[in-house]
Amino acid sequence: MTETIRIETRGSVGLITLDRPEALNALNDAVMREVVAAAETFEADASVGAIVITGSDKAFAAGADIKAMAALTYTDVSADDPLADWDRLLAIRIPVIAAVSGYALGGGCELAMMCDTVFASETAKFGQPEILLGIIPGIGGTQRLTRAVGKAVAMDLVLTGRTIDADEALRIGLVARVLPADSLLEETIAVAEQIAQRSRLANAAAKRAVNAAFELPLVDGLAAERAEFLDLFATEDRAEGMAAFIEKRPANFRHR
Ligand code: HXC
């Protein structure tokens, strides 16, 4: 039983819905634990090929829980890293899409950026307002945002703490698609379902290769991509995918 999220399966898609309406889905330890555990459980389920993380119409997540953070001392936060478990989300091999409506602020924006891609509704609002609290982003906001949108825009957002709308988020490359609010979730799940029908092995390779572009110099990233590309020739799914094309039929990937 989960306290802060709802978990369900839609076809081959695992759906995680942040559910702390009284705090606009603010992220506390329980949310972190439950989201990470749910994602790991979905990954271990061979019938689930992709994950969607969403919130409510009003808020994807309004950031880390400020009321919980306010009570923490330096000793509390330095004795053990209270945010470390979020990193486990990065190890999930199946694709993860954030479907964002309403506020995605601070840690909420960072959680969206930890996903493989972000689809936003027209009502979505993104920002890194930590500076207004006397802190800075702590789960990748200064790093992933900068890689996603470049230094000038990242500095603008991180130093002013201003909130941007979905169109601006699309323009700067923070989100991949802007969709109508009333169809955001269904359209995102439909895309996730398409992805889930593809080869699980190719999806994992694609994730590793694209993520290598974040981590590695170009020459090393290109080498990583080439190795992933060549490795996929060892898979039955590669043979099936190419045979299906030639035989003019849909592919039936076994390790999807
Ligand atoms: C705890 C929060 C919260 C938060 C909202 N609430 N955001 N509680 N932590 N981050 C609570 C409010 O206290 C309130 O509860 C209820 O949710 C509704 O919020 P309102 O403020 O009344 O709603 P509204 O007027 O519509 O304003 C929405 C809002 C505003 C603009 C999103 O709530 C806001 O600015 N929230 C904080 C955003 C923020 O600074 N985020 C960054 C946090 S730092 P009560 O019971 O009081 O009515 C961070 C660091 C990341 O994320 C580090 C790594 C995780």
Side-chain angles (χ1 to χ4, degrees), residues 3-6 16-39 53-92 96 98-115 118 120-149 153-169 174-175 181 184 214:
E3 278 172 31
T4 66
I5 62 172
R6 285 179 280 122
I16 299 172
T17 305
L18 306 181
D19 190 21
R20 290 189 74 209
E22 71 286 0
L24 300 183
N25 293 334
L27 307 172
N28 59 14
D29 288 351
V31 178
M32 176 175 65
R33 265 197 321 273
E34 292 184 353
V35 167
V36 168
I53 301 180
T54 196
S56 67
D57 289 346
K58 177 147 194 213
F60 177 73
D65 190 316
I66 300 168
K67 292 168 189 167
M69 276 195 303
L72 296 176
T73 65
Y74 177 70
T75 307
D76 293 332
V77 296
S78 56
D80 63 350
D81 181 350
L83 302 174
D85 276 354
W86 282 120
D87 292 344
R88 284 162 53 194
L89 209 50
L90 306 174
I92 299 295
V96 183
V100 176
S101 259
Y103 295 109
L105 301 178
C109 186
E110 294 173 290
L111 172 58
M113 289 191 288
M114 268 191 267
C115 297
V118 185
S121 84
E122 292 156 342
T123 65
K125 295 179 191 66
F126 296 86
Q128 298 289 163
E130 288 90 341
I131 203 81
L132 307 175
L133 301 169
I135 56 173
I136 66 168
I139 47 173
T142 63
Q143 302 303 298
R144 291 193 189 92
L145 185 65
T146 306
R147 283 167 163 78
V149 306
V153 176
M155 281 290 191
D156 175 0
L157 295 176
V158 170
L159 290 176
T160 67
R162 77 184 173 92
T163 298
I164 61 172
D165 64 17
D167 284 340
E168 186 169 357
L174 179 56
V175 308
L184 169 76
F214 272 96

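Order of appearance sets the numbers: ligands from 1, and atoms from 1 within every ligand.
- Looking at R88, its side chain never comes within 3.5 Å of a backbone N or O of V36 through a donor-acceptor pair.
- For ligand 1, none of its N or O atoms has an N or O atom of Y103 under 3.5 Å away.
- Against a heavy-atom cut-off of under 4.0 Å, E110 is close to the following atoms of ligand 1: 51 (C), 53 (C), 54 (C).
- Summary of contacts: the protein heavy atom closest to atom 20 (P) of ligand 1 is L24 CD1, 4.5 Å.
- Of the candidates P137, G63, A64, it is A64 that places a heavy atom closest to atom 10 (N) of ligand 1.
- Heavy-atom proximity to M69, at under 4.0 Å, picks out these atoms of ligand 1: 44 (S).
- Here L27 has no heavy atoms under 4.0 Å from ligand 1, in either its backbone or its side chain.
- With salt bridges taken as basic N to acidic carboxylate O contacts below 4.0 Å, one links E168 and R162.
- Atom CG of D156 is separated from atom CD of Q128 by 12.0 Å, given to the nearest 0.5 angstrom.
- For atom 35 (O) of ligand 1, no protein non-hydrogen atom is found at a distance below 4.0 Å.
- Against a heavy-atom cut-off of under 4.0 Å, L83 is close to the following atoms of ligand 1: 54 (C), 55 (C).
- Under a 4.0 Å heavy-atom criterion, K58 is in contact with ligand 1.
- Side-chain contact between I5 and V35 is present, with at least one heavy-atom pair separated by less than 4.5 Å.
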Run the side-chain donor-acceptor check on residues 137-145: report pairs under 3.5 Å with partners two or more places apart or on a different chain.
| residue | atom | partner | partner atom | Å |
| --- | --- | --- | --- | --- |
| R144 | NH1 | I139 | O | 3.3 |

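- Distances from atom 51 (C) of ligand 1 to the protein include at least one heavy-atom value under 4.0 Å.
- More than 12 heavy-atom neighbours from other residues, nucleotides or ligands sit within 6.0 angstrom of CD on E122.
- The side chain to side chain donor-acceptor pair (under 3.5 Å) search around T54 returns none, not counting sequence neighbours.
- Distance from atom 13 (O) of ligand 1 to its nearest protein heavy atom, with residue and atom name: K67 NZ, 3.0 Å.
- Without hydrogens or angle criteria, D76 side chain to T73 main chain gives a donor-acceptor distance under 3.5 Å.
- Of all atoms in ligand 1, numbered sequentially from 1 with element shown, those under 4.0 Å from a heavy atom of G138 are 53 (C).
- Looking from atom 16 (C) of ligand 1 to the surrounding protein, the closest heavy atom is E22 O, 3.4 Å.
- Note: I131 CD1 to T160 OG1 = 9.5 Å, rounded to the nearest 0.5 Å.
- In terms of modelled atom types and a separation under 3.5 Å, the side chain of N25 and the main chain of A59 share a donor-acceptor contact.
- The nearest protein atom to atom 2 (C) of ligand 1, hydrogens excluded, is given as A23 O, 3.8 Å; this is a heavy-atom distance.
- A distance of 11.0 Å separates CH2 in W86 from CZ in R33, rounded to the nearest 0.5 Å.
- Listed by atom number, the atoms of ligand 1 under 4.0 Å from P129 heavy atoms are 39 (C), 40 (O), 41 (N), 42 (C).
- Residue contact check for ligand 1: L105 places a non-hydrogen atom closer than 4.0 Å to it.
- Not a single heavy atom of K125 sits closer than 4.0 Å to an atom of ligand 1.
- Proximity annotation for atom 40 (O) of ligand 1: of N28, I139, I66, I66 comes nearest, heavy atoms only.
- With a 4.5 Å cut-off on side-chain heavy atoms, V118 and L174 do not count as touching.
- Heavy-atom proximity to G107, at under 4.0 Å, picks out these atoms of ligand 1: 49 (C), 51 (C), 52 (O).
- For A62, heavy-atom contacts with ligand 1 shorter than 4.0 Å involve the backbone as well as the side chain.
- With E130 contributing its side chain and I135 its backbone, the two residues share no donor-acceptor pair below 3.5 Å.
- Checking atom 30 (C) of ligand 1 against the protein gives no heavy-atom contact under 4.0 Å.
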